[in-house]
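Beneath this line is the structure, given in structure tokens, with notes to follow.
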Amino acid sequence: MDTLVHDALLNKQNLKQILSTDKYDEKLFELARETALSVFGNRIYIRGLIEFTNHCKNGCYYCGINRENNNVERYRLSLDEILECCRKGDKLGFKTFVLQGGEDGYYSNARVVEMIRAIKKEFPNHALTLSIGERSYEAYKSFYDAGADRYLLRHETCTLEHYSKLHPDDMSLFNRLNCLKNLKNIGFQTGCGIMVGSPYQTIDNIVDDILYMYDFNPQMIGIGPFIAHKDTIFRDMPDGSVEMTLRILAIMRILLPHVLLPATTALGTLDKKGREKGILAGANVLMPNLSPLKDRKKYSLYNNKICTGEEAAESIEKLKKSISKIGYELVSDRGDYKD
Ligand code: SAH
């Protein structure tokens, strides 16, 4: 690892410069790629994403399934359906399941615990990741004690002024950041992250997010471009930039060499080769969709989301091929965080 570059990246002025031009991209991506190769080799971890509910009590302005959107056909998967997705994923070689959903009161803390126990009973050696938003310390602790291993909760932005332009008044940045601290203290492999190019985001905001993520030192980081959704108040806002997303991925890889860093579906949606480009800029994780085909289109966070029309097996085959073309291999491994 080039410690000089690492240290240079902790300076606000330098970060601003690197983010504001494509001049450094080639070197940046190369260094990030080498860093990832030295830690993970050419192995890419896969996570099976199960979008189990699109009901949500929150009104995040950017999100297509926010509570205000009456055009969404709402659905919930039953525990049996969720287990069926896991079985399908297990057959395809997935060793991690990610349960993601809106903040849905139907899934009380007790129901989530029941779900975790049932999945862990059938798949004791698989890792289980939750991505179900903000809950109390006690709730998180009970999820951890029931066997959940990881938790994804993007902080979205660490700047209060920016946060308030993306969320209604009944949501709180303080609470979200506090949830992240609780998750990490409890012992979850914890993931924070941002959307790149979310409305009103400035370069200074991104710089602060990069430094926040470095300080928080999470085990996972989710970074993908913002993409407008037609039924939200941000429908006419421009999509985030693929290049900027790659730059931030590369910077985080250099700053936190061991972090688990996905090349996101949103990146693959804006650019046919987005996920491959993400890997070549230091990402080491892919999260293919395992949700039932009948409900896939209903989990629409943004316009034109990819892979909503094909079986998991089909998309994983395609991914394998395109990833091997750039010299990487999808592996069947839990892919836990290691120092
Ligand atoms: N309810 C959970 C899961 C949210 S969906 C939670 O609160 O954490 C997962 C992520 O999708 C969000 O954290 C957000 O960063 C991203 N997302 C939502 N809407 C988006 C959009 N329009 N474009 C790109 N990413 C989006």
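All ligand and atom numbering here is 1-based and tracks the order in the structure. Computed from heavy atoms alone, side chains included, the values below leave out hydrogens, waters and symmetry copies. Start at 1 with the first residue, then count along the sequence.
Looking only at atom types and distance, the side chain of N109 has a donor-acceptor partner in the side chain of R135 under 3.5 Å away.
Heavy atoms of R176 come nearer than 4.0 angstrom to ligand 1 in at least one pair. Within the 4.0 Å heavy-atom cutoff, G64 does not count among the residues contacting ligand 1. M195 counts as a contact of ligand 1, since one of its heavy atoms falls under 4.0 Å from the ligand.
In terms of polar-atom proximity, defined here as any N/O pair under 3.5 Å, Y62 does make such a contact with ligand 1. Checking only distances, G101 does come within under 3.5 Å of ligand 1, N or O to N or O. Ligand 1 has no N or O atom lying under 3.5 Å from any N or O atom of L152, backbone or side chain. Ligand 1 has no nitrogen or oxygen under 3.5 angstrom from a nitrogen or oxygen of Q100. Considering backbone and side-chain N/O atoms, E156 comes within less than 3.5 Å of an N/O atom of ligand 1. In terms of polar-atom proximity, Y299 is not counted as a contact of ligand 1, lacking any N or O under 3.5 Å from an N or O of the ligand. Not one N or O of G102 is nearer than 3.5 Å to an N or O of ligand 1, by distance alone.
In this structure, K165 is not positioned above the aromatic face of Y61 in the sense of NZ or CZ being under 6.0 Å from the six-membered ring centre and within 45° of the axis. Both the sub-6.0 Å distance and the 45° axial angle are satisfied by R111 relative to the ring of Y106.
A salt bridge is absent between E122 and R117: the closest approach of a Lys/Arg side-chain nitrogen to an acidic carboxylate oxygen does not fall below 4.0 angstrom.
For ligand 1, the atoms closer than 4.0 angstrom to any heavy atom of L153 are 8 (O). Listed by atom number, the atoms of ligand 1 under 4.0 Å from C63 heavy atoms are 19 (N).
Of the options L183, I132, V98, a side chain to side chain contact (heavy atoms under 4.5 Å, CB included) to L152 is made by V98 and by none of the others. Only one option out of D271, L267, L246, D239 pairs with P225 in a side chain to side chain contact (heavy atoms under 4.5 Å, CB included); it is L267.
Between the side chain of E51 and the main chain of S291, no donor-acceptor pair closer than 3.5 Å is present. In this structure, the side chain of T232 engages the main chain of H229 through a donor-acceptor pair within 3.5 Å. Side chain of R74 to main chain of I65: a donor-acceptor pair is present (N/O by atom type, distance under 3.5 Å, no hydrogens or angles).
Residue P225 touches ligand 1 through its backbone alone, judged by heavy-atom distances below 4.0 Å. Heavy atoms of E134 found under 4.0 angstrom from ligand 1: none, in either backbone or side chain.
Of the listed residues (I227, N66, L130, I132), the one carrying the non-hydrogen atom nearest atom 23 (N) of ligand 1 is I227. The residue among L301, I65, T264, T265 with a heavy atom at the shortest distance from atom 11 (O) of ligand 1 is L301.
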Using side chain to side chain contact (heavy atoms under 4.5 Å, CB included), reason through Q100 and Y299 one step at a time and then give a plain yes or no. CA-CA 10 Å; Q100 189 179 86; Y299 197 84; 2.9 Å; yes

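The single protein non-hydrogen atom nearest to atom 16 (C) of ligand 1 is R154 NH1, 3.7 Å, given as residue, atom name and distance.
For CG of D169, the number of neighbouring non-hydrogen atoms (other residues, nucleotides, ligands) closer than 6.0 Å is 12 at most.
Less than 4.0 angstrom separates atom 3 (C) of ligand 1 from at least one non-hydrogen atom of the protein.
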